[in-house]
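From a predicted model like this one, the values you see are computed outputs, not experimental measurements.
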Amino acid sequence: MYTYQEKVANNPLEYYVGQDVSITGKITEIKQNNEKYTFVLETEAGPVLCNYYGKFEDYKSILFEVCDITGTLDVPKSSGNPRTFDYALYLKSKGIRYICIPSAVRFHNTTITYYDKFKRWIFLEREKFIDNLKLSEEALGPVKGILFGDTGELDEDVYEEFQKNSTAHILAVSGLHIGVLFSLYKALMKKKNNRIFTLVFIIFTLIYGFATLWSVSVTRAIMLMYIMILANVLDRRYDLLTAAALVAGAFALKNPYIIFGASFQMSFLAVCSISFFTPIFERILPASIAGAAAVQFGMLPYMIYSFNGISVAGVLINVPVVYIISILVPAGVTGYFVFLISQSIMPMISFILDALSKLTLSINHLFASCNLLYITLPSMKLGTLLMIYGLMFLCASEYFQVNLKRKKWKHLILGLCLVLSISLVGWKVDQTPFDQACIVFLDVGQGDSVHIKTDSGGSILIDGGGNTNYNVGSKILKPYLLKNGYDQVNLALATHLHTDHYLGLRQLSEEYNVLQEILTGKSGDVVKLGKNDRIEILWPEKKADSTTDNSADENTNSMIFKVTVQGLSVLITGDITIEGEKMLLRKYAGTDVLKADILKVAHHGSAYSSCEEFIDAVNPKVAVISVGKNNYGHPSDDVIEKFREKGIIVFRTDLDGAVGIIKKGDSFSVCTKRNRKNMHSRPLQKI
């Protein structure tokens, strides 16, 4: 209800999307990423995420300054392929709905508030503290990540090792960090109830919260801790789940989209896991590691669902990591507060942080280097995930154990019915039209990729996109396949070996199960996919050399495929030019071989393809242009107009995202990931 109300409400910035604007606001976050600065501009109408390619003399000192930006206002794109990472939703979970690339930034000569000065002072002192620590280069990134949740200086390969080992939570200033500090506080307090010491500790944690920029996990942990302290002061019972529900509700009221953020989900799932599973693990494990084991156990289904993998060594490696953090965090935070007061670094602090950081990296690298300890798995359905968690929490609850002992079967059946009801809602919500599609034209940016689902359950890829500056195989194809439940590709084919068609397939095969590849072929070759499904190669007339990817004739000699799936016919034309199209017309003159229901438009809609005669010979009902941001002028307006004049509906992956073809009796429908047009039905020519 809350999100719907927000959708119908008018935001003043909505009217200026796509226009050049001048916006006034305050910089509330800023980071330097190689050649650009990324900052959040807080305006009266909400925050705007900006990527600035200019130069700031001292970017850290402009935090909380008021400025004007000039640039084109835009909205972030949603995910281009079904069930993959949605950047627009991610930004909404952070309260950001608009983006801008400023051409100019002009600062106001105004005095900022004392509150903002205080927050900037804490941030700048944090940076000075890190700069003054005598750390080795390899230890700098992990220390900054572990103490303050800032992974900007952490090597990407190192961060991936943390993710593979399920230890990335230590780089996000999770509840573990606050738990370590709270345990230290309780140890110092012992059984005494010293309110002055408690007040000092609250101020201490507030300052630490500002230093970490109040991430979700930190805010959640500190709020839960304050509720616990309040319960102790008032001599009232503290219930972890009730407190967590209160805090989660407060988060959702402030920004309902936060519930879609992985940090929110993981943070509160960790709390539930601790509450339900720790008592069980304490029966078989020491109390000092039972909590960590409970969190790892509780996170397993979520890790499979969200990140498509689990670390077999996750529990083992988290045991030493938790002990290391229990020393590193108090030492680092103590050093930071001593620096705030004295502006000096204790030599012992630098030594401890450097040594423990290197030890953490060594342990992490040791386990990550053994690929057998990491298992890649396709995502389960949302309903399945909810059922697993429902049953796990139900069976671990006092409700279940008490009613089981008392043999109150009706109460147990009632609990199971509740779990089943929630799971059914999950299965329904998780459904997408692409689940019914037999052919999906994927959004891989400036490139081609087509996913074919056969009647027998096979998964076929024709082309895989590719970009020399971005790993399309790892970042786009693999997540799409795993998120949609595919653990392998039965067959991968490439029309030709140009980067934007073949590189993604090669990258995918390096870390995903691709059973067979076909890179060359000639007209007349047929690949049978099932009883009635097949791929016919219509061109070239002779098999090309598979080792060549820079031939001047590569586009003209692209393999042309006619795919038949569930009675639908699709002509996939690679990058052939008008010259190639005319060769096809001559070869198949007087036949219906080129005729197809759907045409994958040649060469990304280039002006040098799609001649009138070829379009008439194919006579498609739908044309799909696989294209992304480019400097070539693709697709040509003239080409699009040719199709429209003939009554052929045109879809573009840059605007529509993935395009799915759904067979429905004697007709077919088209679904798109981005709803420029929701659904189109056209009659299917009977074969």
Residues which pass ring-ring contact (aromatic ring centres under 6.0 Å, His included) with Tyr502, listed by chain and number, not counting sequence neighbours |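 None.
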By ring-ring contact (aromatic ring centres under 6.0 Å, His included), Tyr512 pairs with (sequence neighbours left out) none
Contacts of [X] that satisfy side-chain contact (heavy atoms from CB on, under 4.5 Å) - sequence neighbours left out:
X: Asp157; value: Asp155, Glu160
X: Thr499; value: Thr468, Leu503
X: Asp592; value: Lys595
X: Pro620; value: Leu599, Val618, Ile648

Applying salt bridge (Lys or Arg N to Asp or Glu O under 4.0 Å), can you list everything that pairs with [X], at least two apart in sequence or on another chain?
X: Asp430; value: Arg83
X: Glu641; value: none
X: Lys587; value: Glu541
X: Lys646; value: Glu612, Asp616

Criterion side chain to side chain contact (heavy atoms under 4.5 Å, CB included) on Asp455 and Gln566, from CA distance to verdict = CA-CA 7 Å; Asp455 284 332; Gln566 296 184 20; 3.2 Å; yes
Is there any salt bridge (Lys or Arg N to Asp or Glu O under 4.0 Å) pair reaching into residues 599-610, and which pairs are they, with sequence neighbours excluded?
-> Asp448-Lys600
Enumerate the residue pairs fulfilling salt bridge (Lys or Arg N to Asp or Glu O under 4.0 Å) with a member in residues 498-521, sequence neighbours excluded, ordered by first and then second residue.
-> Lys478-Glu511
